[in-house]
2 protein chains.
Amino acid sequence: MLSPTEENYLKTIYALQLEVDKDISTNFIASKLHTKASSVSDMLKKLGNKKLIIYKKYQGVKLSDKGNKIALKIVRKHRLWECFLVKELNFKWDEVHEIAEQLEHVKSDDLVDKLDNFLGRPKFDPHGDPIPDKYGNIVENNTVNILGMQIGEEGKLDCVKDSSEVFLRYLNNKNLALGDNIKVVEIEPFDNSIRIKTKSGSITISKHVAENLYLKTN
Amino acid sequence: MLSPTEENYLKTIYALQLEVDKDISTNFIASKLHTKASSVSDMLKKLGNKKLIIYKKYQGVKLSDKGNKIALKIVRKHRLWECFLVKELNFKWDEVHEIAEQLEHVKSDDLVDKLDNFLGRPKFDPHGDPIPDKYGNIVENNTVNILGMQIGEEGKLDCVKDSSEVFLRYLNNKNLALGDNIKVVEIEPFDNSIRIKTKSGSITISKHVAENLYLKTN
DNA sequence: TTAAAAATTTAGACAAGTCTAAAAATATAT
DNA sequence: ATATATTTTTAGACTTGTCTAAATTTTTAA
Ligand SMILES: [Mn+2]
Ligand SMILES: [Mn+2]
Ligand SMILES: [Mn+2]
Ligand SMILES: [Mn+2]
């Protein structure tokens with residue numbers, strides 16, 4: 001039985017592996033978890049002993065098959081609970097992430113599967129992220145980051161990478177939601193900011209914002 | 001912000017105060033929590049410093065107003081989650097207690113109230129226990145323990161005090177559920193066992209079982 | 001009222017997870 | 001290739017909650 005802390009480390013390594021292709025460094029994990037490299041180092045030793053990660057000192061880590069399975073289960077729980085909160089309890093999409101951070105550590109396989117059925121086996125969470133099924137199968141959504149698009153290209157907002165309250169409220173303020181059509185109008189090479197056309201007019205978004213917007217193009 | 005452990009101590013003291021009228025002893029708490037008196041002693045000092053309990057060394061404890069409020073909030077969460085699990089996710093009444101023990105520590109006032117509304121503000125949980133409202137008001141159900149009844153008296157099973165899987169499965173096996181009519185047929189003075197008539201015949205229950213059955217008589 | 005028994009608290013240790021500071025290993029740059 | 005900078009690990013300390021064993025207080029009972 002893993003502690004919530006151990007589960008969070010596995011989940012973080014899982015997320016970082018999707019971000020970059022190489023082994024995950026101690027510092028990278030520390031920055032994501034807002035903790036210190038020394039704490040991470042201690043934990044990596046522990047997770048390595050439990051065969052949940054492949055770990056050689058100073059070489060970075062990756063999840064073992066066993067660790068990957070557990071990470072997927074936690075991701076599944078997190079996203080299913082987010083669905084529940086938004087669809088059944090009428091939370092807004094910007095209010096659910098922190099609560100799901102807690103709910104994802106509730107231990108009961110039966111609970112997850114019953115929740116999944118209750119919700120009608122959703123495939124995506126309120127932020128457009130795919131939900132692994134009970135066997136750990138996950139569809140990677142083929143979306144493109146808006147930074148990779150050219151002037152004149154357009155698509156529908158399909159997924160936001162940052163689920164924090166502060167980012168989602170920014171999108172709310174700009175009247176941007178999943179499914180909205182977005183067209184790239186202008187690209188500023190100096191700071192990579194982008195002028196986009198949305199349903200409620202044209203706005204400029206910073207590179208930092210753009211990094212978190214994924215569109216489905218045709 | 002309290003830890004799950006601190007919350008469990010408060011909840012336990014709350015429950016014990018309903019059981020007995022005097023201040024709650026260290027050993028009594030230890031036995032309920034399956035821990036040692038020395039651990040309890042440490043925790044009581046801490047909860048006392050936080051003004052959550054009234055504590056004088058060697059004198060036993062009771063909840064302060066502040067502690068009582070928190071205990072009621074946890075009880076409310078526990079019982080609402082049990083309702084959710086049974087009514088929405090189709091768990092059986094004997095499967096939910098342990099899961100609710102985890103869910104009750106999820107922190108979000110908004111979540112509790114939205115869950116309450118979603119469920120239609122239920123007044124009782126699947127074991128017949130009353131659910132405090134958002135202000136901490138709780139209706140004490142006026143039920144009578146079957147040990148206090150005479151031969152020939154009858155009533156409807158309204159509440160079970162033990163919510164453990166093992167006890168509720170025993171009741172399932174005897175085909176006994178909340179709402180069922182029960183009549184006292186015979187009382188054995190030697191061991192306080194009771195012969196009762198239920199919808200599916202007449203059975204003998206031990207004193208230990210009887211202690212956990214509360215009926216509503218007319 | 002005093003001695004024995006029981007209950008409670010304290011002392012000291014341990015595990016988990018975190019931190020700072022220092023040491024060791026790796027990467028970078030001249 | 002070597003010195004410097006960066007990253008990672010280790011050492012030692014701290015916190016929370018637990019335990020056993022010992023000391024203290026309260027209760028019970030002679
Ligand atoms: Mn989330
Ligand atoms: Mn999400
Ligand atoms: Mn319960
Ligand atoms: Mn209950």
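Each chain gets a letter, A, B and so on, in the order the sequences are listed, and its residues count up from 1. Since we're looking at a predicted model, the values are computed, not measured.
- Every side-chain hydrogen bond (donor to acceptor under 3.5 Å, both in side chains) that Ser193(A) has, sequence neighbours left out, goes to Asp191(A).
- Within a 6.0 Å radius of CG in Asp65(A), no more than 12 heavy atoms belonging to other residues, nucleotides or ligands are found.
- For residues 12-30 of chain A, the set of pairs meeting the salt bridge (charged side-chain N to carboxylate O under 4.0 Å, His left out) definition, not counting sequence neighbours, comprises Glu19(A)-Lys32(A).
- In this entry the distance linking NZ of Lys50(B) with C1' of dT15(D) reads 12 Å, nearest Å.
- Atom CG of Asp23(A) is separated from atom C1' of dT26(C) by 15 Å (rounded to the nearest Å).
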Working for side chain to side chain donor-acceptor pair (under 3.5 Å), residues Ser25(B) and Asn27(B):
CA-CA 5 Å; Ser25(B) 74; Asn27(B) 268 347; over 6 Å; no
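- For the pair Lys45(A) NZ and dT18(C) P, the computed distance is 14 Å after rounding to whole Å.
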Just the table, please: protein N/O against nucleotides 18-22 of chain D N/O, every pair under 3.5 Å.
unit_1: dT18(D); atom_1: OP2; unit_2: Tyr9(B); atom_2: OH; d: 3.3
unit_1: dC19(D); atom_1: OP2; unit_2: Thr35(B); atom_2: OG1; d: 2.7
unit_1: dC19(D); atom_1: OP2; unit_2: Lys36(B); atom_2: N; d: 3.2
unit_1: dC19(D); atom_1: OP2; unit_2: Ser39(B); atom_2: OG; d: 2.7
unit_1: dT20(D); atom_1: O4; unit_2: Ser38(B); atom_2: OG; d: 3.0

Polar atom pairs (N or O), protein with nucleotides 1-8 of chain C, under 3.5 Å:
unit_1: dT8(C); atom_1: OP2; unit_2: Asn27(B); atom_2: N; d: 2.9
unit_1: dT8(C); atom_1: OP2; unit_2: Asn27(B); atom_2: ND2; d: 3.3

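- Thr35(B) has its side chain out of reach of Ile29(B): every pair of non-hydrogen atoms, C-beta onward, lies at least 4.5 Å apart.
- Applying the salt bridge (charged side-chain N to carboxylate O under 4.0 Å, His left out) rule to pairs touching residues 126-140 of chain B yields Asp113(B)-Lys134(B), sequence neighbours excluded.
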For residues 94-110 of chain A, which side-chain donor-acceptor pairs fall under 3.5 Å, sequence neighbours excluded?
unit_1: Asp94(A); atom_1: OD1; unit_2: Asn172(A); atom_2: ND2; d: 3.4
unit_1: Glu95(A); atom_1: OE1; unit_2: Lys92(A); atom_2: N; d: 2.7
unit_1: His97(A); atom_1: ND1; unit_2: His78(A); atom_2: NE2; d: 3.1
unit_1: His97(A); atom_1: ND1; unit_2: Glu82(A); atom_2: OE2; d: 3.4
unit_1: His97(A); atom_1: NE2; unit_2: Glu101(A); atom_2: OE2; d: 3.2
unit_1: Glu101(A); atom_1: OE1; unit_2: Lys11(A); atom_2: NZ; d: 3.0
unit_1: Glu101(A); atom_1: OE2; unit_2: Lys11(A); atom_2: NZ; d: 2.9
unit_1: Gln102(A); atom_1: OE1; unit_2: Lys107(B); atom_2: N; d: 2.6
unit_1: Gln102(A); atom_1: NE2; unit_2: Lys107(B); atom_2: O; d: 3.0
unit_1: Glu104(A); atom_1: OE1; unit_2: Lys11(A); atom_2: NZ; d: 3.2
unit_1: Glu104(A); atom_1: OE1; unit_2: His78(A); atom_2: ND1; d: 2.7
unit_1: Glu104(A); atom_1: OE2; unit_2: Lys11(A); atom_2: NZ; d: 2.7
unit_1: His105(A); atom_1: ND1; unit_2: Glu7(A); atom_2: OE1; d: 2.6
unit_1: His105(A); atom_1: NE2; unit_2: Asn8(A); atom_2: OD1; d: 3.0
unit_1: His105(A); atom_1: NE2; unit_2: Glu101(A); atom_2: O; d: 3.3
unit_1: Lys107(A); atom_1: NZ; unit_2: Leu2(A); atom_2: O; d: 3.0
unit_1: Lys107(A); atom_1: NZ; unit_2: Glu7(A); atom_2: OE2; d: 3.2
unit_1: Ser108(A); atom_1: OG; unit_2: Leu111(A); atom_2: N; d: 3.0
unit_1: Asp109(A); atom_1: OD1; unit_2: Lys73(A); atom_2: NZ; d: 3.0
unit_1: Asp110(A); atom_1: OD1; unit_2: Lys114(A); atom_2: NZ; d: 3.4
unit_1: Asp110(A); atom_1: OD2; unit_2: Lys114(A); atom_2: NZ; d: 3.4

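- Spacing between atom CG of Asn49(B) and atom C1' of dT16(D) amounts to 15 Å, rounded to whole angstrom units.
- Considering only heavy atoms from C-beta on, Val139(A) stays 4.5 Å or farther from Lys123(A) through its side chain.
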